[in-house]
Amino acid sequence: MLYPDHYPRPDQVEAIKDIIRRKQNVVVHGPPRQGKTSRLLEAIDGEQVLYIECRPGFKRTHIYRLILSSLGYSMSVSNKRNAKLGVKLSIPGTSISGEGGTTTERVFQEVTIDLKNASEVAHVISRIQQPPIVVLNAFHMLNADTMVNLLMDIAFYSERSNLRFIIVGSWNDVDHLESIEPSIAGKLHYVQIPYWSVDQLRLAHGWICEHRNHPPLSADRLDRILDLSGGDISLLAELTDIAPGISAEAFQAEAARLSVARSRRGLETRLGQFLSRRAFSLYYSTVDLTLDYQTNT
């Protein structure tokens, strides 16, 4: 969707750029689908970055393999049981041919590191003078153990390595990551992408109507859309798309459906993350509530 890019938030973009210029780790966080990735892409334009889209099944070793591969390392598994990888470091070299000319060849130095050991990974990465900034997008999608391990490692790297990270995730609490792993305290710098203001939503609504050929809405229906959106620009766009050409009753029903669906989005993931950090388990199933009305006699 184009409207978050059409109405950028320059203060937040500049805040991200400033942290990057200071060579510090960045956390871009806020509600889902409010333009976090758009703001980040605008801020890192021209920077050398490695963009990793996090997924629930990712482990720390998967992410490090992606980082090392992007740096030109050739890897082969040498010991699966101990999660160690044989890493071949490619170093340019020259040799003299039989005809007196010179040709460039690649010389490989093979070293073995444990990808679960942050110190070993940092030592290998330190051979690269300017490694890319690692962007971990959708960090909240990782399981709890992986998040803890990565945060512990990032705390280590921030003092012993030139490797820097940008973490992007959907949460509001600025202390969220520190509550997961306290050792990260003071090692991250935060930029929050909050819900949009009413004035920003009103401008975005006008742009959507203009570029999607929607007729202008009545003041009452526009106010209703702004109220239902609650600062959520993606919900605003969906409501704007359905509003033209339907009755007030039909709009009300569809708007309620969209609002309920939005409130449920990501609930299962957030609940799973919450329970994984607790010493108990909660099992639940869908409850079918049936109401039986009887006429008084």
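Keep in mind the model is a prediction, meaning the values are calculated, not measured. Residue indices begin at 1 and follow the sequence shown.
- With Glu178 contributing its side chain and Asp175 its backbone, the two residues share no donor-acceptor pair below 3.5 Å.
- Looking at heavy atoms from C-beta onward, Asn172 lies in side-chain contact with Gln192 at the 4.5 angstrom threshold.
- Side-chain contact between Val134 and Leu136: present, with at least one pair of heavy atoms (C-beta onward) separated by less than 4.5 Å.
- Closest of all the heavy-atom pairs between Leu177 and Phe139 is CD2-CE2, 4.0 Å.
- To the nearest 0.5 Å, atoms CZ (Arg212) and CH2 (Trp207) are separated by 7.0 Å.
- Here the straight-line distance linking atom CD of Gln130 with atom CG of Asn162 works out to 8.5 Å at 0.5 Å rounding.
- With sequence neighbours excluded, no residue forms a salt bridge (Lys or Arg N to Asp or Glu O under 4.0 Å) with Arg221.
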Begin from the C-alpha positions of His29 and His176 and carry the test side-chain contact (heavy atoms from CB on, under 4.5 Å) through to its verdict.
CA-CA 10 Å; His29 67 103; His176 175 66; over 6 Å; no
From CA spacing to verdict: salt bridge (charged side-chain N to carboxylate O under 4.0 Å, His left out), Arg257, Glu238:
CA-CA 11 Å; Arg257 185 191 67 80; Glu238 293 183 72; over 6 Å; no
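- With respect to the salt-bridge test (charged N to carboxylate O, under 4.0 angstrom), the residues Arg224 and Asp220 do not qualify.
- Tyr157 and Ala118 make their closest contact through CE2-O, 3.4 Å (heavy atoms, listed as atom of the first residue, atom of the second, distance).
- When every heavy atom of Tyr73 is checked against every heavy atom of Val124, the shortest pair comes out as OH-O, 2.6 Å.
- Under a hydrophobic clustering in which Ile, Leu, Val, Met, Phe, Trp and Tyr are joined whenever their side-chain heavy atoms come within less than 4.5 Å, directly or via other members, Leu150 and Leu71 fall into the same cluster.
- Look at Arg39 and Glu14 and you find no salt bridge, because none of the NZ, NE, NH1 or NH2 atoms lies under 4.0 Å from a carboxylate O.
- Listed by first then second residue, pairs satisfying salt bridge (Lys or Arg N to Asp or Glu O under 4.0 Å) with a partner in residues 181-193 read Glu159-Lys187, not counting sequence neighbours.
- Contact check for Asp232 versus Pro31: no side-chain heavy atoms found under the 4.5 Å cut-off.
- For the 3.5 Å distance criterion, the side chains of Asp241 and His214 qualify, holding a donor opposite an acceptor.
- Counting only distance, with no hydrogens or angles, the side chain of Asp227 and the backbone of Asp223 share no donor-acceptor pair below 3.5 Å.
- You'll find the side chain of Asn137 stays beyond 4.5 Å of the side chain of Ile52, heavy atoms only.
- With hydrophobic clusters built from ILVMFWY side chains whose heavy atoms lie under 4.5 angstrom apart, Val198 shares a cluster with Leu222.
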Mind running side-chain contact (heavy atoms from CB on, under 4.5 Å) on Ser183 and Leu151 for me, showing each step along the way?
CA-CA 8 Å; Ser183 68; Leu151 290 173; 5.9 Å; no
Steps toward side-chain contact (heavy atoms from CB on, under 4.5 Å) verdict (Arg22, His189)
CA-CA 11 Å; Arg22 289 186 272 123; His189 298 265; 4.3 Å; yes
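- Counting only heavy atoms from C-beta outward, the side chains of Leu228 and Leu236 never approach each other to under 4.5 Å.
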Would you please test Asn143 and Thr146 for side chain to side chain donor-acceptor pair (under 3.5 Å) and show each step?
CA-CA 6 Å; Asn143 64 47; Thr146 300; 2.9 Å; yes
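- Shortest non-hydrogen contact noted between His62 and Lys59 is ND1-N, 2.9 Å.
- Side-chain contact check for Tyr64 and Asp153: at least one donor-acceptor pair (N or O, by modelled atom type) lies under 3.5 Å.
- In this structure, Ser126 OG and Leu163 CG are separated by 10.5 Å, a value rounded to the nearest 0.5 Å.
- Clustering ILVMFWY residues whenever any of their side-chain heavy atoms sit less than 4.5 angstrom apart, transitively, puts Val13 in a cluster other than the one holding Tyr195.
- In this structure, Ser70 OG and Gln48 CD are separated by 8.5 Å, a value rounded to the nearest 0.5 Å.
- Here the shortest heavy-atom pairing between Ser234 and Gln34 reads OG-NE2, 4.1 Å.
- Rounded to the nearest 0.5 Å, atoms CG (Leu217) and CG (Leu226) are 9.5 Å apart.
- Scanning all heavy atoms of the two residues, the minimum distance from His140 to Ser170 falls at ND1-N, 3.0 Å.
- Side-chain atoms of Arg164 come within 3.5 Å of backbone atoms of Lys23 as a donor-acceptor pair (strictly under, hydrogens ignored).
- Contact annotation: the side chain of Val27 approaches that of Trp171 to within less than 4.5 Å [non-hydrogen atoms, C-beta and beyond].
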Given the rule in the side-chain contact (heavy atoms from CB on, under 4.5 Å) test, do Leu188 and Phe165 qualify, once you have shown the distances and angles that lead to the verdict?
CA-CA 9 Å; Leu188 303 172; Phe165 291 83; over 6 Å; no
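- Interatomic distance, OG1 of Thr37 versus CD of Glu42, reported as 12.5 Å (0.5 Å rounding).
- A 4.5 Å side-chain heavy-atom check between Leu142 and Pro56 finds every atom pair outside the cut-off.
- Summarising the hydrophobic clusters (Ile, Leu, Val, Met, Phe, Trp, Tyr; side-chain heavy atoms under 4.5 Å, direct or chained), the residues clustered with Ile166 are Ile16, Ile19, Ile20, Val26, Val28, Leu40, Leu41, Ile44, Val49, Tyr51, Ile133, Val135, Val168, Val191, Ile193.
- Side-chain contact between Leu201 and His205: absent, with no pair of heavy atoms (C-beta onward) separated by less than 4.5 Å.
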